[in-house]
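See structure below.
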Amino acid sequence: MTTNPSAGSGGTLITVAPTGAEADKARYPALPVTLDELVATAKECEAAGAAVIHVHIRDDDARPTLDLARLTDTVQALRENSTLIVQLSTGGAVTDPYESRLAVLDAAPDGCSLTCGTVNFGDDVFMNPWPFIRELYQLTQERHVVPEFELFDLGQVATLHRLLDEQGAPYGGHIHCDLVMGVPGGMPGDAATLVSAVQALPAGASWSATGIGRSTLPVIYAALSAGGHLRVGMEDTTSLARGRPVTANAELVQRAATLAELAQRPAMRPAEARAFLGVRDQH
Ligand code: KMH
Ligand code: ZN
């Protein structure tokens, strides 16, 4: 099985995805939706063990937005207040047009997500046709933004191979993937599926995994045991356990860091993660 031979010191890269585009602020008051809330979250999560922040932003009414001025301010504020690697979502919300998703790179983040295919997404469809994937990938290469390949099912792994074969290596030279498991419509969040997906990844790729909702813990344990990295946050789960809502994203990061420590693969710090992922140093 491919277990990430290029995993630096052997530590665990923890990405926090604190907001997402789907969770409702009125229902989940701990969701960071303003810039101040996001910056405070970033600081707490860095202290708890995160090295990367996967960012979705909201407008004044807490609705998802890809407003470029807001994105640019967000990148700047996160850089000024943390050393986290700033990865902007190019997935946005299912309603966002392709042009706005491509324009995310104008905010000059360290990294961005790049989903490798269309997937059913609950009652919706998260659209990622091949021409869009290719254009976004070419843009990451031109702008020197490190892509993280988001994989919601096994067919998307095949598309990742096609992308690399046709378009060459990503900026930074290192391939890092994120298995997003347990989305209704995507691959299930269990150990057997995780192992199948990891076996299919390109040689030398590193990978993290995240399990949506109830699959959060099974995916964390499976990923740690298979040599992978972790993504956690309120984008993916809003409860710590049945009847225990998350009260801060840092709780999820802290739990992931504790489990990584127990697995004797402690949380990577941002400087090490930067070198590991091939991200330019902005600090
Ligand atoms: N909000 C989902 C439709 C990404 O950030 O790149 C897409 C998503 C993936 O969250
Ligand atoms: Zn996202």
Side-chain angles (χ1 to χ4, degrees), residues 12-66 70-71 74 77-78 81-82 84-94 96 111 113 115 121-122 124 126 148 150 152 178-184 186 189 208-220 223 229-260 267:
T12 302
L13 178 76
I14 300 179
T15 298
V16 63
T19 308
E22 287 77 30
D24 181 11
K25 175 73 170 174
R27 183 160 175 207
Y28 303 105
L31 196 73
V33 296
T34 67
L35 186 53
D36 286 350
E37 287 171 346
L38 189 62
V39 165
T41 296
K43 289 181 182 172
E44 290 165 17
C45 291
E46 181 173 351
V52 179
I53 185 164
H54 168 82
V55 179
H56 291 251
I57 61 167
R58 302 292 180 98
D59 66 15
D60 289 340
D61 298 316
R63 286 183 307 229
T65 178
L66 292 179
R70 270 182 195 256
L71 283 171
T74 302
L78 290 171
N81 289 283
S82 80
L84 292 173
I85 296 166
V86 181
Q87 178 194 91
L88 290 183
S89 166
T90 63
V94 289
D96 284 319
S113 56
T115 297
F121 197 83
D124 299 308
F126 177 31
E148 176 179 278
E150 308 284 332
F152 288 69
D178 181 44
L179 307 175
V180 185
M181 311 186 75
V183 168
S208 59
T210 186
I212 305 299
R214 260 175 273 176
S215 67
T216 296
L217 279 170
V219 168
I220 288 177
H229 301 274
L230 304 176
R231 177 177 118 171
V232 294
M234 293 184 74
E235 174 165 346
D236 302 334
T237 186
T238 49
S239 60
L240 280 163
R242 193 168 305 172
R244 286 189 54 205
V246 173
T247 59
N249 275 280
E251 288 181 313
L252 293 167
V253 175
Q254 182 63 63
R255 179 171 70 177
T258 300
L259 294 173

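For the numbers below, each heavy atom of this structure counts, side chains included, while hydrogens, waters and symmetry mates do not.
Between Glu251 and Thr247, the side chains place a donor N or O and an acceptor N or O closer than 3.5 Å (distance only, hydrogens not considered). For the 3.5 Å distance criterion, the side chains of Asp236 and Thr210 qualify, holding a donor opposite an acceptor. Side chains of His229 and Thr12: no donor on one and acceptor on the other come within 3.5 Å.
Listed here is the closest heavy atom pair of Asp59 and Asp61: OD1-N, 2.8 Å. Pairing each heavy atom of Gly92 with each of Leu66, the nearest pair is CA-CD2, 4.2 Å. The heavy-atom pair separating Val183 from Phe121 by the smallest distance is CG1-CD1, 3.7 Å. Nearest heavy atoms, Ile14 versus Ala267: CD1-CB, 3.9 Å. What you find for Ala257 and Ala48 is that their closest heavy atoms are CB-O, 3.4 Å. In terms of heavy atoms, Asn249 sits closest to Gly233 at OD1-CA, 3.4 Å.
Here the side chains of Leu88 and Thr90 are not in contact, with every heavy-atom distance at 4.5 Å or above. Side-chain contact between Cys45 and Ile53 is absent, with no heavy atoms from C-beta onward closer than 4.5 Å. The side-chain heavy atoms of Val16 and Leu252, taken from C-beta on, include no pair separated by under 4.5 Å. With contacts defined as side-chain heavy-atom distances shorter than 4.5 Å, the pair His54/Ser89 qualifies. Taking the side chain as every heavy atom from C-beta outward, His56 and Glu22 never approach each other to under 4.5 Å. A 4.5 Å side-chain heavy-atom check between Ser239 and Arg244 finds every atom pair outside the cut-off. Side-chain contact between Thr15 and Asp178 is absent, with no heavy atoms from C-beta onward closer than 4.5 Å. Phe152 has its side chain out of reach of Met181: every pair of non-hydrogen atoms, C-beta onward, lies at least 4.5 Å apart.
Screening Thr216, Val246, Val232 against Arg255 for a side chain to side chain contact (heavy atoms under 4.5 Å, CB included) leaves a single residue, Thr216.
Without hydrogens or angle criteria, Lys25 side chain to Leu31 main chain gives a donor-acceptor distance under 3.5 Å. Here the side chain of Thr74 pairs a donor or acceptor atom with the backbone of Arg70 at under 3.5 angstrom. For Glu46 (side chain) and Ala42 (main-chain N/O), no donor-acceptor pair under 3.5 Å exists by modelled atom type. Side-chain N or O atoms of Asn81 include none that pairs as donor or acceptor with a backbone N or O of Lys43 at under 3.5 Å. Arg58 places a side-chain N or O within donor-acceptor distance of the main-chain N or O of Gly20, the cut-off being under 3.5 Å. For Ser215 (side chain) and Ile212 (main-chain N/O), a donor-acceptor pair under 3.5 Å exists by modelled atom type.
Distance check: Thr19 OG1 to Met234 CE gives 8.5 Å after rounding to the nearest 0.5 Å. In this structure, CG on Leu259 lies 8.0 Å from CG on Leu230, to the nearest 0.5 angstrom.
Taking the charged nitrogens against the carboxylate oxygens, Arg63 and Asp24 have no contact shorter than 4.0 Å, which rules out a salt bridge.
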